[in-house]
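Okay, so here's the structure we're looking at.
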Amino acid sequence: MQPTTRREFLADIGKGMIVATVGIGMASELGIAAPVEDPPARLKFGPLESLVGLMQDTPIDKLMPTLVAQLKSGVELKKLLAAGALANARTFGGEDYVGFHTVMALAPAMHMADELPTQQQPLPVLKVLYRNTARIHEHGGANSEVLHHVNPAAIPEGVNGGEALRELVRKGDRKNAEETFAALAAISPEEALNDALYAVQDETEVHRTVLPYRSWDMLGLIGKEHAHTLLRQSVRYCLADWAKPRTDGPTAILAKMLDKHHLLATPPGDRLAEDKWIDEMSMSIFKATPEQAADLAAAALADHIAPDCIGQAICLAANQLLLRDIGRTAAAEAPNKPMGSVHGDSIGVHACDSANAWRNLARVSNTRNTYACLILGAYQVARDRVQRGGDFLNWQPLPVQYKVDQIKETDPAKLLQQLDSHIRGNLQSYACATVHQYGAQGHDPRPVFDLMLKYATSEDGSLHAEKFYRTVTEEFASTRAAFRWRQLTALARVTASEFGRPAPGYLEARELLKV
């Protein structure tokens, strides 16, 4: 930078005196001062605004007493959840790693609450809200908000909104992409989701995939009037994560499969597959290259197999990645993620969360996106295996038979006691074997879920405990009886891996609630 000369310094003072005398508007017209743009309007949330502000502004050491006081005064837990989600969106806009993980955990936490006894229901939600506010303060609080009011653009008639939005995202044109999405969201929440998915589908990556599904799921809890705010985070994530579509990437392969199998000419089929087909399809996807896996899903769709049967196979393929993973190597160790662990951002947890998101997005989107989500869901599972490396095709899935054979107990209560001991001892393999035997003996799964729920609530889980618990509960409920215990076995493994690292704020919430 060149030093300012005395003449330039005096000239600047003179300009400043003129601006002070005639005003900045007249000074701009005279060419003396550049016009100053107004700051973007703050995004506000009507009746929820005061609670949203409370989530952002309350010092973290006072947050738990403040939230518990809100509950005792009659504020509904879902209202606190809504305020936390909107505070998160306004602060981070889908662009902060801890921030978007936290907003993705909120809907799962509320579903977890619904499974707990009444007095304990606030615990999982308060735990995530604590994480939420702590990160907001680390980010700079209300002074660092990234999501502001945006005016909707005018969209010409006959233009496909999803394609238009995707092109703007590909150009990195944030302003026009945001304005276009605002216009699309004004049509309906469903339109907003379907159009946002065009940009999401340009790449297959866990956060890009899970964020729109968990946002959509949250709308069922806090209201679809917040669709624009929550789904807007996915648009901004895609803008921040933008990369030119590759000729061999998911965009090209999706287009190839839709065309090859003539899928867009017919609606999804309803032909139910047999258990044998689902099991074999899941292993074919698991063993395939990414393009082969996409082709398998597309061919099944063209054969009028019901989308949910294909979704089950995709999720069971992802489940194999978790059951077969050898765990973190010494080189991949990190704080709270020791060697051999599989919780947090492991290949298996990420793959299962992604497959679950694709499957659920296929259920709630239009025909084109139903096809796209399932094709890309299969593609991503295979791609995850290939990119992770290792010998997944030869590593044996848990539980290993010799440990299953060691479990002689048949009383369900005693089996649960053994399972609890294995979890507390971080004995992943024994926890898996115990759950497998418990299920094989035909016992009620609810007590196993209750045990896992306790730890999904109390443990930190490296940002993934709530999401993965919800992934497994959804998959167990919607997977054939012949295969669903594989999902609960995987949850037992992750729970045993993550135990021993309690979540910040959890114990304080328990004390305040007296539970």
Side-chain angles (χ1 to χ4, degrees), residues 36-46 48-58 60 63 81-107 128-153 165-166 168-186 192-193 195-196 199-200 202-203 205-212 214-216 218-219 222 225-243 463:
V36 177
E37 293 185 7
D38 292 331
R42 193 184 195 206
L43 194 62
K44 294 188 177 179
F45 302 107
L48 278 173
E49 180 59 35
S50 61
L51 273 181
V52 174
L54 179 145
M55 294 293 174
Q56 289 179 289
D57 301 334
T58 303
I60 195 63
L63 183 68
L81 181 90
L86 297 174
N88 182 296
R90 187 162 72 182
T91 306
F92 306 118
E95 297 175 352
D96 179 80
Y97 183 84
V98 175
F100 61 66
H101 271 90
T102 302
V103 82
M104 289 190 290
L106 282 168
V128 180
L129 290 177
Y130 184 96
R131 184 191 309 159
N132 194 46
T133 295
R135 184 58 180 171
I136 287 172
H137 286 313
E138 291 170 356
H139 191 263
N143 293 326
S144 66
E145 293 173 0
V146 302
L147 217 58
H148 303 283
H149 175 76
V150 61
N151 293 316
L165 177 64
R166 181 179 60 195
L168 291 168
V169 170
R170 287 176 176 177
K171 293 176 183 176
D173 187 345
R174 172 171 291 182
K175 180 179 184 297
N176 284 310
E178 289 244 71
E179 291 176 354
T180 297
F181 186 66
L184 297 170
L193 175 66
D195 289 333
V200 169
D202 254 355
E203 188 53 87
E205 182 267 331
V206 59
H207 309 119
R208 188 185 188 108
T209 303
V210 177
L211 183 55
R214 290 301 173 194
S215 295
W216 183 258
M218 196 180 307
L219 297 178
I222 69 175
E225 63 269 24
H226 301 299
H228 176 230
T229 298
L230 294 184
L231 291 171
R232 186 179 169 190
Q233 296 174 96
S234 287
V235 175
R236 291 175 64 92
Y237 183 96
C238 292
L239 282 159
D241 189 49
W242 179 84
L463 304 176

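Shortest non-hydrogen contact noted between Arg135 and Gly99 is CG-N, 4.2 Å. Counting all heavy atoms, side chain and backbone alike, Ala105 lies closest to Arg131 at CB-NH1, 3.8 Å. Of all heavy-atom pairs between Pro212 and Leu231, the closest is O-CD2, 3.9 Å. The heavy-atom pair separating Thr229 from Ala89 by the smallest distance is CG2-CB, 3.8 Å. Between Ala153 and Ala183, the shortest heavy-atom distance links the atoms O-CB, 3.2 Å. Scanning all heavy atoms of the two residues, the minimum distance from Phe181 to Leu165 falls at CD1-CD2, 3.8 Å.
For the atom pair Lys175 NZ and Leu239 CG, the distance stands at 13.5 Å (nearest 0.5 Å). Once rounded to the nearest 0.5 Å, the distance linking OG1 of Thr91 with CE of Met55 reads 12.0 Å. Going from atom CG of Leu81 over to atom CG of Leu51 covers 11.5 Å, rounded to the nearest 0.5 Å. The distance from the CG atom of Leu54 to the CG atom of Leu63 is 7.5 Å, given to the nearest 0.5 Å. Considering CG of Leu211 and OH of Tyr237, their distance stands at 8.0 Å, rounded to 0.5 Å. Taking CD of Glu203 as the reference point, atom SG of Cys238 lies at 10.0 Å (rounded to 0.5 Å).
Within the 4.5 Å cutoff, no side-chain heavy atoms of Ile222 are placed close to those of Leu48. Looking at Val169 and Asp202, their side chains never come closer than 4.5 Å, going by heavy atoms from C-beta outward. Counting heavy atoms from C-beta on, the side chains of Arg232 and Val150 come closer than 4.5 Å.
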**Message:** side-chain contact (heavy atoms from CB on, under 4.5 Å), that's the test. Do Asp57 and Ile136 meet it? Break it down for me.
**Reply:** CA-CA 9 Å; Asp57 301 334; Ile136 287 172; over 6 Å; no

**Asked** Going through the distances and angles, do Met218 and Val103 end up as a side-chain contact (heavy atoms from CB on, under 4.5 Å)?
**Response** CA-CA 9 Å; Met218 196 180 307; Val103 82; 4.2 Å; yes

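Salt bridge absent: Glu49 and Lys44 never bring a charged side-chain N and a carboxylate O closer than 4.0 Å.
Between Phe45 and His226, the two ring planes are perpendicular [angle over 60°; tilted spans 30° to 60°].
Evaluated for a salt bridge (charged side-chain N to carboxylate O under 4.0 Å, His left out) with Asp241, the options Arg170, Arg208, Arg236 yield exactly one hit, Arg208. With respect to His139, the ring-ring contact (aromatic ring centres under 6.0 Å, His included) criterion is satisfied by exactly one of Tyr97, Phe92, Phe100: Phe92. Between Asn88 and the options Thr102, Asn132, Thr133, a side chain to side chain donor-acceptor pair (under 3.5 Å) holds for only Asn132.
Checked by atom type and distance alone, the side chain of Glu145 never pairs as donor or acceptor with a backbone atom of Leu147 at under 3.5 Å. Not a single donor-acceptor pair under 3.5 Å links the side chain of His101 to the backbone N or O of Asp96.
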